[in-house]
Amino acid sequence: MLGSNGMLEDMASRLTSPALIGRRAQLADLETAFAAVGRGEPATVLLGGEAGVGKSRLTAEFAGHVRAEGGRVLTGGCLELGAEGLPFAPFTAVLRELVREAGAPGVIELLGGRAGEAARLLPDLCTTEPEPGEPAGNGTDVYPGEGRGRLFEQMLTLLEQLSERGPVVLVIEDLHWADRSTRDLVFFLVSNQRALPGVLIIGTFRSDELHRTHPVRPLLAELSRLSWVQRAEVPRLTRGETGELLAAIAGQQQDPARVDSVFARSEGNPLFVEELLCCDDMLPESLRDLVLIRAQRLPEVTQNALRVASAAGERAGHALLSAVSRQGDDDVAQALRPAVEANVLVADTDGYAFRHALIREAMYEDLLPGERGRVHARYAEAIAADPSLAAGRAAIQLAHHWYAAHDLGNALASAWQAAAEANQVFAYAEQLAMLAKVSELWDKVPDAAQRIGTSHDRVLEKAGRVAHLLHEDEPSRAFTSAALREIDPKADPGRTASLLELRGKLRPETQDAVADLREALSLVADGQHERERASVLASLATRLLKSNATAEARAAALQALELAEQTGDLATQASALSTLAAVGHVDGPGISDVELDMLARARSLAIQADDYHLVLNASVSESHLLEGLGEHERAAQVARDGIAEAARYGLARTEGTFLAINVAEPLYALGRWDEAIEVIERALNLSAPPRTRACLQGLAGAIATARGELAKADSLLSSAVQLFSGLRGRAYSHVEDQLAADQLRLELFTAQGRHQEALALAQDSAHRHDLQASPRYGWPLLVAAARAVAEIAVTPAVARADGSADAAGELLGALDAEAGKLRPEGPVQRAHQLTYTAEVLRARYAPAEGPSGLTEQAAAWEQAAAAWEQAREPYPQAAALFRAAEAALVSGGNKDAAVTWLRRAAEISGDLGARPLVGAVALLARRAGIRTDGAATAQHVATSGLTPRERDVLRLIAAGMSNARIASELFISPKTASVHVSNIMSKLGAASRGEAAATAHKLRLLDPL
Ligand SMILES: Nc1ncnc2c1ncn2[C@@H]1O[C@H](COP(=O)(O)OP(=O)(O)O)[C@@H](O)[C@H]1O
Ligand SMILES: [Mg+2]
């Protein structure tokens, strides 16, 4: 190749077209998608087409355009390697490309300063030796399962960081070969693409190879459900285009007869057109033969070398090929040179790739079966002798080659090793596949146990645990059961108990689960296995609590706690304490400091034990209970701390999203709606699970209703209801969710004046739900229902409509009966109860009662307002003040008090931006001739028109923080932070951040109000 390079390139280039033929529509689709991501919208294009039709060529052409416009293109291809594939291969390629470009330190900076899990994919990123005590692959994971989540988030961060510097296109080629880990990561990135503004994702795949059970089908189907994912087909060339392609390759127009003949035989597939052009005097029998024609014209030694190379996969390094062919580098190069000249192979600096996978596949099929096994054996021997030849993951390659060489003993040993390596890169699915292979080969390999130094039941146990990490309950149970059948419980009671515990946790029927757990307990009752016993007891307690056997759950949890304290097992203590707190709350006299205290302890123990799931659970429970008690600030703080913990584990965006609900809910209560919306939007931009999304949308809907954005509220609540009903029937359909959804819709209907629907929903809801199951969500529902009735009562046209008044009266009776049974717990529920009482007075008021009825109402509302003030919930406080003023003014009673109430209501509702309430207050004020605007104006001047949120941001600007820092400080996206910053600058008339800070100090904007 040396020396003659120029000439060779010339010759080679004549075998392919220098210009792209056709494809205008496909290019336009890609450009449109690219423009969309330029506007900050998510977009993914899935390009399907048969092999050789030009998917890669099209993508390369588009990549050229993007680069010319200053964008960045990252490309990674999936590799064909047995059925298991090479975990994360495309992402390893992308990382390698970035490292080549920016150096390891540059990439580490993009990853947020830590190579972390990404170093498992590309060891070049590793700056330090693994810490001593780092888990070996087939040992137990430190944070089971979480490494994978962290790796996924790191990839998200990496792309996000890159996209801040300019538009990015991520191309994942040949998805039909994607291993399961790659498929999961691709799905994760695409479904979280709203968090990746400026990143276009393109996936290519062979559409002709997707048979009915192909594993990539479900991925494509799931992706297609996302609104921003578009599928495009790359079709064969037309006759005209085939003519153009021929002319472009040959450098001159071809006569029509030749075009016809090539078109007929190639069927417009550009790869076949290229092949035919070299040798269109031949008449191949099939398309596969066609691909081989060019190779068959090469010297015999070259053909042999090509067949050997084809067993390596897409690409083979020089060193590996020489080792396998037992020849020197030069000899191999000499043998392959004609293949490069004929454009069958493409040479790069240290190896060769087939120009197209179809050519490789055809060469490989050309190997005789016996020969094929021998070639694979030579690869295996070469890699075994020098693992560095396999460029990275030697074990998985060995497993593949030994298996193809029918050397089952070595295949088993290397599959075991490959399982360990897969674990190191968090490719649990591949680890499971390799463990299954070990187990499958076990009986065919007489000395299996000696070869890998472990027993079959250990392999099964490992497989059961790995499947558990993957949430594959069914296989996990099957492997665990198989392991249990092989273990002698008497010889190994501790391990048997722990396996029974795992299976018990996985069994859907409570009875089976409890039976497993009790059996486990009986095995470790000897005083020798206290650690296992504590853990089993804690699992038993959790399970019993789920099936409402609270007394037993408490007893088991107490025992678990005591034992775990003795053995110093922090995680089990944390788990037992969480159960105890939940038992106390379900069973005991309401929530008290005792439960809160237990949860706080559980949380800190879980943090010490470094058990992420327990930390998360404890944060969720504690913030939820605090909010229920009306401790809004503390609740928000605990939930925020939980998100920070999640961030420490690198999981803020996935696992942390559930906690966003528990941050947003108290913020909503406190009237800090902008902040609540930011938290909600940030979480919704990530692919939170359906229930989380529904809860977040519900909260956003409540805020929209209060702000008078009724169309928005309507769409948010409809979507939430739809998501909730999708969950119905599942084990986790929560009655709280349904109560909250009904309440929010009732408020919306009332705001929209849809009185009949409100009435129907209230009747239905009161009938359907047992409010006592959740007083916390039951009270707000009662209030919303009573309000719906009151609105009907004060809207005569509606009240008179057929039967409405009667139905409303009946409903009120039913509500009263419920309210009578429901004990209010804590200040928030008490405030709801007082509001309910006031609404009922309003609903039952008949003008004939005269002023005394109204005075009573005013007093009831005043009490409710005071209770809301105490509970620190400004919105219902302002609404109650308004009603108090209304009743007082209409009754002609205490005008001074009414004026005070109304001014306060105006001030609060104005601050909140609760427009419908602002409007109602203003209308009442005008009717009564009261001026209300004074206070609000004064406030406005004092803050230069900045919202409370903007003042928060200003404070951070003044502290010298960048947008990115501000974003992470306030848990918002950098984009949102930058919007705040520019709003602040324009409101303050500042030209720079420094100037804004100076103005802030001068006007004392940052002083507490
Ligand atoms: N539209 C086109 N114009 C010119 N050459 C093309 C075109 N499409 C494909 N080719 C050529 O055909 C061959 C196969 O295309 P490729 O993109 O590798 O196919 P795929 O990725 O779909 O399997 C390549 O040599 C490529 O350069
Ligand atoms: Mg391709």
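Remember, it's 1-based here, ligands and their atoms both numbered in the order they're listed.
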So which heavy atom in the protein is nearest atom 3 (N) of ligand 1, and how far is it from that ligand atom?
-> I21 N, 2.9 Å
Side chain, backbone, both or neither: A19 near ligand 1, heavy atoms under 4.0 Å = backbone
Atoms in ligand 1 flagged as close to L271, the criterion being non-hydrogen separation under 4.0 Å = 12 (O), 14 (C)
Are R307 and E300 within salt-bridge range, i.e. N to O under 4.0 Å?
-> yes
Enumerated ligand 1 atoms positioned under 4.0 Å from heavy atoms of A51 = 23 (O)
Nearest protein heavy atom with distance in Å, relative to atom 7 (C) of ligand 1 = R57 CG, 3.8 Å
Would you mind checking which non-hydrogen protein atom is closest to atom 21 (O) of ligand 1, with the distance to 0.1 Å?
-> S56 OG, 2.8 Å
With heavy atoms only and a cut-off of under 4.0 Å, state how L245 meets ligand 1: side chain, backbone, both or neither.
-> side chain
Hey, what do you get for OG1 (T242) to CG (N269), rounding to the nearest 0.5 Å?
-> 9.5 Å
Between V99 and A104, what is the shortest heavy-atom contact and its length?
-> CG1-N, 3.9 Å
Side-chain contact, heavy-atom cut-off 4.5 Å: F188 with L156?
-> yes
Which protein non-hydrogen atom lies closest to atom 16 (P) of ligand 1, naming both residue and atom, and how far is it?
-> G54 CA, 3.7 Å
Within a reach of under 6.0 Å around CD of Q253, are more than 12 heavy atoms found that belong to other residues, nucleotides or ligands?
-> no
Please identify which atoms of ligand 1 are closer than 4.0 Å to at least one heavy atom of V53.
-> 8 (N), 19 (O), 22 (O)
When H214, R231, K55, R217 are each screened for side-chain contact (heavy atoms from CB on, under 4.5 Å) with F205, the one that passes is R231
Residue pair E97 / T75, side-chain donor-acceptor N/O under 3.5 Å | no
What atoms of ligand 1 come within less than 4.0 Å of a heavy atom belonging to R355?
-> 25 (O)
Atom 10 (N) of ligand 1 [closest protein heavy-atom partner, distance rounded to 0.1 Å] = P270 CB, 3.6 Å
Within 45° cone of F272 ring axis and under 6.0 Å: R265 NZ or CZ = no
Heavy-atom closest pair, residues A382 and L320 = CB-CD1, 4.4 Å
Should G49 be listed as contacting ligand 1, given a heavy-atom distance under 4.0 Å as the test?
-> no
Tally, protein N/O/S atoms nearer to the Mg ion (ligand 2) than 2.8 Å = 1
May I ask you to check if ligand 1 and H356 share an N or O to N or O distance below 3.5 Å?
-> yes
Atom 14 (C) of ligand 1 - nearest protein heavy atom and its distance = G52 O, 3.6 Å
Are the charged groups of R355 and E275 less than 4.0 angstrom apart, N to O?
-> yes
Thinking salt bridges, do D260 and R239 make one under a 4.0 Å N-O criterion?
-> yes
Looking at ligand 1, does E50 have a heavy atom less than 4.0 Å from it?
-> yes
Side chains of Q26 and F62: closer than 4.5 Å at any heavy-atom pair?
-> no
With a 4.5 Å limit on heavy-atom distance, are the side chains of L306 and D366 in contact?
-> no
Using distance alone, determine whether S17 and ligand 1 share an N or O pair under 3.5 Å.
-> no
Quick note, side chain to side chain donor-acceptor pair (under 3.5 Å) partners involving residues 195-207, not counting sequence neighbours, are E173-T204, R206-E209, R206-E361, S207-E233
Using a strict cut-off of less than 4.0 Å between a Lys/Arg side-chain nitrogen and an Asp/Glu carboxylate oxygen, indicate whether E50 and R236 qualify as a salt bridge.
-> yes
With atoms numbered from 1 as shown, which atoms in ligand 1 lie under 4.0 angstrom from a non-hydrogen atom of R23?
-> 1 (N)
Quick one: look up the protein heavy atom nearest atom 12 (O) of ligand 1 and list residue, atom name and how far away it is.
-> E274 OE2, 3.4 Å
Ring center gap for H376 and H400 short of 6.0 angstrom | yes
Between R206 and ligand 1, which residue portion shows a heavy-atom distance shorter than 4.0 Å: side chain, backbone, both, or neither?
-> neither
Backbone, side chain, both or neither: what part of E241 comes under 4.0 angstrom of ligand 1, heavy atoms only?
-> neither
